[in-house]
Number of protein chains: 2
Amino acid sequence: MFMPTIKDVARLAEVSTATVSRVLNGNGYVHSETKERVAEAIKQLNYRPNDVARILFKGRSKMIALFVPDIMNPYFPELARAVEDMTNQHGFTFVLCNTDDDLNKEITYLEALKQKSLDGIIVVSSTMTEEYIQNIDVPVIALDRILHRSMASVTVNNREGSRQAVQYLKDLGCQRIAHISGPEQASNANQRLEGYLDVVKEESWFKKSYIEPGEYHFEEAKKATERLLTRHPEIDGLFVANDLMGVGAIKAAEALGIKIPDQLSVIAFDGITLGETTTPTLTTMAQPIYKIGARAAELLIQQIENQYHEAQSEEFTVELVERDSTRRKEDHP
Amino acid sequence: MFMPTIKDVARLAEVSTATVSRVLNGNGYVHSETKERVAEAIKQLNYRPNDVARILFKGRSKMIALFVPDIMNPYFPELARAVEDMTNQHGFTFVLCNTDDDLNKEITYLEALKQKSLDGIIVVSSTMTEEYIQNIDVPVIALDRILHRSMASVTVNNREGSRQAVQYLKDLGCQRIAHISGPEQASNANQRLEGYLDVVKEESWFKKSYIEPGEYHFEEAKKATERLLTRHPEIDGLFVANDLMGVGAIKAAEALGIKIPDQLSVIAFDGITLGETTTPTLTTMAQPIYKIGARAAELLIQQIENQYHEAQSEEFTVELVERDSTRRKEDHP
DNA sequence: CTGAAAGCGCTAACAC
DNA sequence: GTGTTAGCGCTTTCAG
């Protein structure tokens, strides 16, 4: 199939390619009559400029990437959705890369994209080393998890939000509150753990073994919860570091015949739609997922378009969403 | 930051750029000694060829796109995951585009990608018109849904699988079986509806109003199920056109106080992981999701690399996965 | 206001 | 075996 080039347009409009380029980009002065002729030729040939040639010349691709550790965790499609919308809105192309939180995959993607003149990158990662971050010569924004102090990021108040979650369980009357934690390399998992500890570590009943690692994975969390509740049947409140694991925890309790919320109150973190589909529905500290994704994209694009301005870090606030996995203990003595 | 070009390498190795290009691509003859020198220079400068220049020259980008109608339906991340893996494995770049099943978004994406010398495209769509498909001048493979007879596709045996699902409900002893259907523009939704009809349309009890549209959306399906079960309390079996809606149906029944599977058996279609997280877990006709995604990518890449061979359509088989949302009626009289 | 020409980084004839 | 050169499609000085 014939793909017209700028030369074809120039020939048809009887002008030079420079003039065509000028009307294409709205640069420089072009007599309105010639502009018309060019526009006419463009329409007639159904001409579209070749982006690749433009990118080669400019050295910039109008393309940004989002690295996510686990596309199967519904949190990330929701986030990706936001980034994509904002990206398109600004005329950029959006590339989604699933890294499995594997540094090798991250590096491979990074190299491949650099060779394509990628303009910027939004990263959700726990594994990227400081060294690699320094080497990336395009603007980077960390999302959801902090990678390094020096790097702009968009996150939520993980520690404070977690404190609120655990406090909420206490206020409900829970006497023994345990925690299913995320991977320790993930900054947000650590912050959520800290928030939990802030509230419980001075309690006389608190034990280290009330913390079980769930790696932000459904199956892992299911197993962790099973271990936890078997070993510690006295647990009556559970704070789970994310919703995906929260659902796993619910399934595990169910399998053990433990009634939620009657015998055990469960609260998680994230606020993904999945939490509304379980039985019981999952109480959670909800992030403004769409907002933080959109904001990260916005900041990145700002930083790309206006080289001077260093992006600032921003922190959003989570909000308690009460659903059916938690209940006041007095209600059912 | 300094990005070395092929010229820098040539200068350092004291050869011409052509020679560098030859060792880069393994083309033509290069004396092993000079090859060494060039390799050394490449390493020393940490040189990586600029893909954009290559793409401009070749007119091909080694990039393929996957269009999905709804990134928030977990079926699509699972599919995307497969396409991505296969794509990377073949050294292609993968771009995921969320279209909301909106023809305008599809067209916008298509135009943008064409300008970037996109090599091929995998499409899950119900809205693309035949006219547009003909206009796409790169290889296209339809996935999950058929768009046009003339177009290669990778799908599953929707009609036969649906028949099996409904027959399974009958075998369980269900007397009144209803259907929550997908959008009528989607070919697979139609086939699933046909499969349902194949089994029930001759039944004396069958009524048109046993079919409610759920549009492949969670909320929509919830409402549809509520309407259906309120109007027809005699329903004791429900075949839902996909798992996402199946979960909605379970929630709706729950809200109405209808016990699953005691009073109502529910079976859906797709086999996404989400179906394992609900209570009760969801019986389903499982697609080999990863396989069909990977296969579609494989076929597309074959077609791209070997211009002659027209891709064939392929149909995979779904498989009954019995979980807790269905039960033999005699078990609990 | 418009055109000629150089060049973004790379590859592929075509010479030698 | 290796170098020279044209050119992929576009933008942008620089002249005029």
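Protein chains get the first letters and strands the later ones, always in sequence-line order, with residue 1 at the start of each. For clarity, every value in this text was computed on a predicted model and none was experimentally measured. All values below were derived from every heavy atom in this structure, side-chain atoms included, with hydrogens, water molecules and symmetry-related copies excluded.
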Peer 1: Which nucleotide wins on minimum distance to the side chain of T19(A), given the candidates dT2(C), dA12(C), dC8(C)?
Peer 2: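 Within the option list, the nearest is dT2(C).
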Peer 1: Is a donor from one side chain sitting under 3.5 angstrom from an acceptor on the other, for D70(B) and Y75(B)?
Peer 2: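 Y75(B) and D70(B) do not have a side-chain donor-acceptor pair below 3.5 Å.
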Peer 1: In whole Å, what is the span from the CD1 atom of I55(B) to the C1' atom of dT11(C)?
Peer 2: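 I55(B) atom CD1 is separated from dT11(C) atom C1' by 14 Å.
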Peer 1: Does any donor-acceptor pair link the side chain of R22(A) with the base of dG3(C) at a separation under 3.5 Å?
Peer 2: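 Side chain to base: pair found, below 3.5 Å.
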Peer 1: Where the side chain of K58(B) is concerned, which of dT13(D), dG9(D), dA12(C) is the nearest nucleotide?
Peer 2: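 Per side-chain heavy atoms of K58(B), the pick is dA12(C).
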Peer 1: Starting at the 5' end of DNA chain C and moving along, which residue's nearest nucleotide shows up first, A53(B) or A18(B)?
Peer 2: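 The residue mapped nearer the 5' terminus is A53(B).
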Peer 1: Tell me whether the OP1 or OP2 atom of dT11(C) has a side-chain N or O from R54(B) closer than 4.0 Å.
Peer 2: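 Answer yes for this pair, as a side-chain N or O of R54(B) is under 4.0 Å from OP1 or OP2.
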Peer 1: Which nucleotide in the list dT11(C), dC10(C), dT12(D) gets nearest to the side chain of S21(B)?
Peer 2: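 Nearest listed nucleotide: dT11(C).
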Peer 1: Can you find a side chain N or O atom of S16(A) that sits less than 4.0 Å from OP1 or OP2 on dT2(C)?
Peer 2: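 For dT2(C), OP1/OP2 do not have a side-chain N/O of S16(A) under 4.0 Å.
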Peer 1: Which whole-number value in Å describes the distance from K7(A) NZ to dA4(C) C1'?
Peer 2: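 Atom-to-atom, K7(A) to dA4(C), this comes out as 13 Å.
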Peer 1: For dT2(C), does either OP1 or OP2 sit under 4.0 Å from a side-chain N or O belonging to T34(A)?
Peer 2: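 Yes, such a contact exists.
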Peer 1: For T5(B), answer base if it contacts any base atom (sugar-phosphate contacts may also be present), sugar-phosphate if it contacts only those atoms, and nothing otherwise; contact means non-hydrogen atoms under 4.0 Å.
Peer 2: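 Counting heavy atoms under 4.0 Å across all strands, the contact made by T5(B) is with sugar-phosphate only.
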Peer 1: From CD of E36(B) over to P of dT2(D), roughly how many Å is that when rounded to an integer?
Peer 2: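 My rounded result for the distance is 12 Å.
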Peer 1: May I ask you to check whether S187(A) and R145(A) show a side-chain donor-acceptor distance below 3.5 Å?
Peer 2: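 No pair is found: no donor N or O on one side chain lies under 3.5 Å from an acceptor on the other.
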Peer 1: Quick one: K35(B) NZ to dT2(D) P, roughly how many Å, whole number?
Peer 2: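 To the nearest whole Å, that distance equals 10 Å.
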Peer 1: Quick one: which of dC10(C), dG9(D), dG1(D) gets closest to the side chain of N50(A)?
Peer 2: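 Looking only at side-chain atoms, N50(A) lies closest to dG9(D).
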Peer 1: Tell me the interatomic distance from I42(A), atom CD1, to dC10(D), atom P, rounded to whole angstroms.
Peer 2: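 Roughly 10 Å, once rounded to whole Å.
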Peer 1: Taking any heavy-atom pair under 4.0 Å as a contact, classify V52(A): base, sugar-phosphate, or nothing.
Peer 2: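 Result for V52(A) = nothing.
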Peer 1: For S32(B) and M3(A), find the nucleotide of DNA chain D closest to each by heavy atoms; which residue's nucleotide sits nearer the 5' end?
Peer 2: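 It is S32(B) whose nearest nucleotide is closer to the 5' end.
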Peer 1: Mind calculating the distance between CD1 (I6(B)) and C1' (dT4(D)) to the nearest angstrom?
Peer 2: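 My rounded result for the distance is 14 Å.
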Peer 1: For a quick test of reading the model, state the closest non-hydrogen atom pair linking A41(B) to A13(B) and the distance between them.
Peer 2: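 So the minimum-distance heavy-atom pair works out to CB-CB, 3.9 Å.
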Peer 1: Any side-chain N or O of N25(A) less than 4.0 Å from the OP1 or OP2 oxygen of dT11(D)?
Peer 2: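 Answer yes for this pair, as a side-chain N or O of N25(A) is under 4.0 Å from OP1 or OP2.
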Peer 1: How many Å lie between NZ on K114(B) and P on dG9(D), as a whole number?
Peer 2: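 Distance, rounded to whole Å: 16 Å.
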Peer 1: For the pair made of OH in Y29(A) and P in dC1(C), what is the distance, rounded to whole Å?
Peer 2: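 Value for this atom pair: 8 Å.
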Peer 1: Taking only side-chain N and O atoms of N27(A), does any of them lie within less than 4.0 angstrom of OP1 or OP2 on dT11(D)?
Peer 2: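 No, no such contact exists.
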Peer 1: Quiz question: by atom type and distance under 3.5 Å, do the side chains of S125(A) and E106(A) form a donor-acceptor pair?
Peer 2: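 Note: S125(A) and E106(A) side chains meet the donor-acceptor criterion.
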Peer 1: V15(A) near the nucleic acid: base, sugar-phosphate alone, or nothing, with a heavy-atom cut-off under 4.0 Å?
Peer 2: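 Sugar-phosphate: the residue V15(A), judged by heavy atoms under 4.0 Å, touches backbone atoms but no base.
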Peer 1: Determine the minimum heavy-atom distance between A296(B) and L143(B), stating which atoms define it.
Peer 2: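 For A296(B) versus L143(B), the nearest heavy atoms are CB-CD1, 3.9 Å.
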Peer 1: If you measure only the distance, is there a donor-acceptor pair under 3.5 Å linking the side chains of N98(A) and Y109(A)?
Peer 2: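 The answer is no; no qualifying pair exists.
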